[in-house]
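Below is one structure; the comments refer to it alone.
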Protein chains: 2
Amino acid sequence: MPTTPSIPPAAHNGIPSFPPMPDRLCRDIVDFCNKHHATCRETRFRPRNIIIEESATAHYTFLVRHGTVKLSKSMPNGRSQIVGFVGSGHILGTSSQELYMFQAEAITDVTVNRLSRTMFEDILVNAPDILSRLLDETTSQLVMIQERLLALGRKTAREKLAGFLLREATRNNGQDIHLPFSLQMSRADIADYLGLSTETVSRLMSVFHQEKMIHRSRQIIQLLAPSRLAAMSCTIL
Amino acid sequence: MPTTPSIPPAAHNGIPSFPPMPDRLCRDIVDFCNKHHATCRETRFRPRNIIIEESATAHYTFLVRHGTVKLSKSMPNGRSQIVGFVGSGHILGTSSQELYMFQAEAITDVTVNRLSRTMFEDILVNAPDILSRLLDETTSQLVMIQERLLALGRKTAREKLAGFLLREATRNNGQDIHLPFSLQMSRADIADYLGLSTETVSRLMSVFHQEKMIHRSRQIIQLLAPSRLAAMSCTIL
DNA sequence: CGGCATCTTGAAATTAGTCAACCGTCGTGG
DNA sequence: CCACGACGGTTGACTAATTTCAAGATGCCG
């Protein structure tokens with residue numbers, strides 16, 4: 001058993017944490033639909049199923065209820081950037097743009113509720129508290145994505161990966177940051193998320209392993225020295 | 001019409017305002033304040049003045065009325081990433097976080113209106129149309145920033161700079177993309193915006209110049225081959 | 001057990017960063 | 001009015017980080 005001393009319990013550095021993003025808002029939206037005889041179809045997807053195609057016409061808004069969805073944008077030459085991994089409670093397709101500006105793909109089994117966008121807009125008009133909570137949600141996504149901007153623009157590969165592992169650990173285990181957890185995404189996905197190549201991700205995993213900062217077997221990861229990782233990632237844990 | 005306009009005719013001290021982001025919303029918020037005897041102080045800043053300090057307690061919300069503000073985040077070792085350049089109509093400090101998560105610095109003469117955050121929240125509660133327009137605004141910022149995520153994570157230096165110059169050109173001149181315009185920010189700012197070094201920005205400017213894609217004299221830039229730049233930046237113009 | 005995906009590892013290539021010198025402009029003060 | 005210094009920008013030579021290309025290794029599923 002690692003010697004991990006007491007880690008500051010996910011203190012609030014201001015960086016919003018993923019785990020407590022329950023899908024209350026989604027549930028309320030579904031309830032609202034049901035109360036008003038509005039259709040709000042539930043759909044399931046298997047890993048690798050495409051939920052939203054980039055540049056398709058944005059007819060629907062999706063509420064993610066279970067599972068993890070990867071949002072990505074791609075470029076002509078096959079390069080792609082994962083904009084985010086989102087889970088239960090996340091709402092997709094709220095922009096007023098004509099087209100979806102990203103692809104959404106299930107990476108686990110996924111359940112979503114699907115609303116027509118016009119209906120979604122009706123709901124916002126008629127349910128001010130939903131509107132207001134959606135604004136909160138959107139604003140805090142904006143803050144988080146700005147953090148990612150800094151990471152992509154200015155952090156080294158080591159820093160990026162260290163930060164990523166920390167976030168995944170807390171996303172999976174909450175406070176118990178040194179419990180083992182399972183990475184739901186492939187190395188390629190991690191690479192596309194961090195703006196690196198899969199090889200670099202792989203190599204760094206090995207380095208961290210050798211440096212006794214993580215324990216690693218394919219998908220299962222355990223952080224052995226979260227505080228060192230935090231220091232390395234330039235994140236105030 | 002003159003075929004060789006010197007500097008694009010722009011609003012006040014520089015050239016604020018993204019083309020389709022007029023500050024109607026800000027004006028309406030100010031009007032609302034005035035109607036309700038709420039204080040909404042107007043403040044002016046000169047270039048290099050700090051409007052918001054990163055990690056300071058977020059007491060206020062700011063409405064940018066004139067000028068251009070650079071928003072940035074920084075890291076221990078002095079590295080910094082510019083999250084955005086924003087102009088008239090932009091609202092700063094809407095997050096419900098305790099602290100500001102970025103620095104805001106005037107790069108031209110800037111005028112802002114300053115509201116206490118609690119009052120701002122009151123306004124949102126009492127003026128649903130403002131709430132709704134703020135959500136629109138925030139959502140479209142999210143979409144734009146996702147585009148930047150792709151650029152920072154997956155584009156080469158050439159592609160980044162080409163895209164940047166195109167956006168600046170349209171931001172300044174609207175449709176007249178091949179008119180000369182003045183870059184309001186230093187090479188260092190451009191570098192911090194694109195996640196590059198100043199030297200790389202400088203070198204690429206020279207390359208583009210030699211390749212006859214731009215005409216360049218310090219701050220004044222003219223795009224000679226916007227379509228080639230667009231192709232290069234992998235941007236659908 | 002075989003076949004295929006994914007992952008890992010190594011070596012070479014490339015991009016962008018760093019360090020350092022130089023240039024030009026602008027503003028200040030002698 | 002000119003000289004100087006500071007600052008921002010440009011350029012060059014070199015270095016470091018990451019990607020790319022190319023094999024292997026591992027593990028999963030049928």
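Small disclaimer: the values here were computed from a predicted structure and weren't measured. Convention: sequence-line order gives letters A, B, ...; per-chain numbering from 1.
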To the nearest Å, how far apart are A/Met185 CE and C/dT6 C1'? 16 Å

Grab the CD-C1' distance between A/Gln210 and C/dT8 for me, whole Å please. 12 Å

Salt bridge flag under 4.0 Å for residues B/Asp192 and B/Lys70: no

Kindly determine whether B/Asn113 and B/Arg41 satisfy side-chain hydrogen bond (donor to acceptor under 3.5 Å, both in side chains), including the steps that lead there. CA-CA 5 Å; B/Asn113 286 104; B/Arg41 228 181 66 186; over 6 Å; no

For A/Asp189 and A/Met185, indicate whether the former's side chain and the latter's backbone hold a donor-acceptor pair under 3.5 Å. no

Using whole Å, report how far CE of A/Met205 lies from C1' of C/dT6. 13 Å

Whole angstrom is fine here: how far is it from CZ in A/Arg46 over to C1' in D/dC29? 15 Å

SB check B/Lys155 B/Glu147 (cutoff 4.0 Å): no

Go ahead and name the base partner of D/dT26; Watson-Crick or wobble counts if both distances stay under 3.5 Å, otherwise write none. none

Quickly work out the A/Leu161 CG to D/dT18 P distance and round it to whole Å. 11 Å

Could you check whether A/Ser186 gets within reach of a base, just the sugar-phosphate, or nothing at all, counting any heavy atom under 4.0 Å? sugar-phosphate

At under 4.0 Å, does any side-chain N or O of B/Arg216 touch on OP1 or OP2 of D/dT10? yes

Check whether the side chain of A/Glu199 and the base of C/dC7 form a donor-acceptor pair under 3.5 Å. no

Grab the CD1-C1' distance between B/Ile220 and D/dG9 for me, whole Å please. 15 Å

Checking N1-N3 plus N6-O4 or O6-N4 for Watson-Crick, or N1-O2 and O6-N3 for wobble, each under 3.5 Å, the partner of C/dA5 is none

Using whole Å, what does the distance between atom P of nucleotide C/dA5 and atom CD of A/Gln219 come to? 16 Å

Salt bridge check: are A/Arg65 and A/Asp23 linked by an N-O gap of less than 4.0 Å? yes

Can you tell which of C/dT9, D/dT10, D/dG8 lies closest to the side chain of B/Arg218? D/dG8

Can you pull every protein N or O that's under 3.5 Å from an N or O on nucleotides 15-17 of chain C?
residue : atom : partner  : partner atom : Å
C/dA16  : OP1  : B/Ala157 : N            : 2.7
C/dG17  : OP2  : B/Ser197 : N            : 3.2
C/dG17  : OP2  : B/Ser197 : OG           : 3.2
C/dG17  : OP2  : B/Thr200 : OG1          : 2.6

Rounded distance in Å - NE2 (B/His209) to P (D/dG9): 16 Å

Please determine whether any donor N or O and acceptor N or O are separated by less than 3.5 Å between the side chain of B/Arg187 and the base of D/dT10. no

Test A/Thr108 against A/Arg46 for side-chain hydrogen bond (donor to acceptor under 3.5 Å, both in side chains), laying out the working first. CA-CA 6 Å; A/Thr108 63; A/Arg46 318 240 51 195; over 6 Å; no

For C/dA5, does the O4'-C1'-N9-C4 or O4'-C1'-N1-C2 angle fall within 90° of 0, making it syn, or is it anti? syn

Taking everything shown except A/Tyr60 itself, do over 12 heavy atoms lie less than 6.0 Å from its OH? no

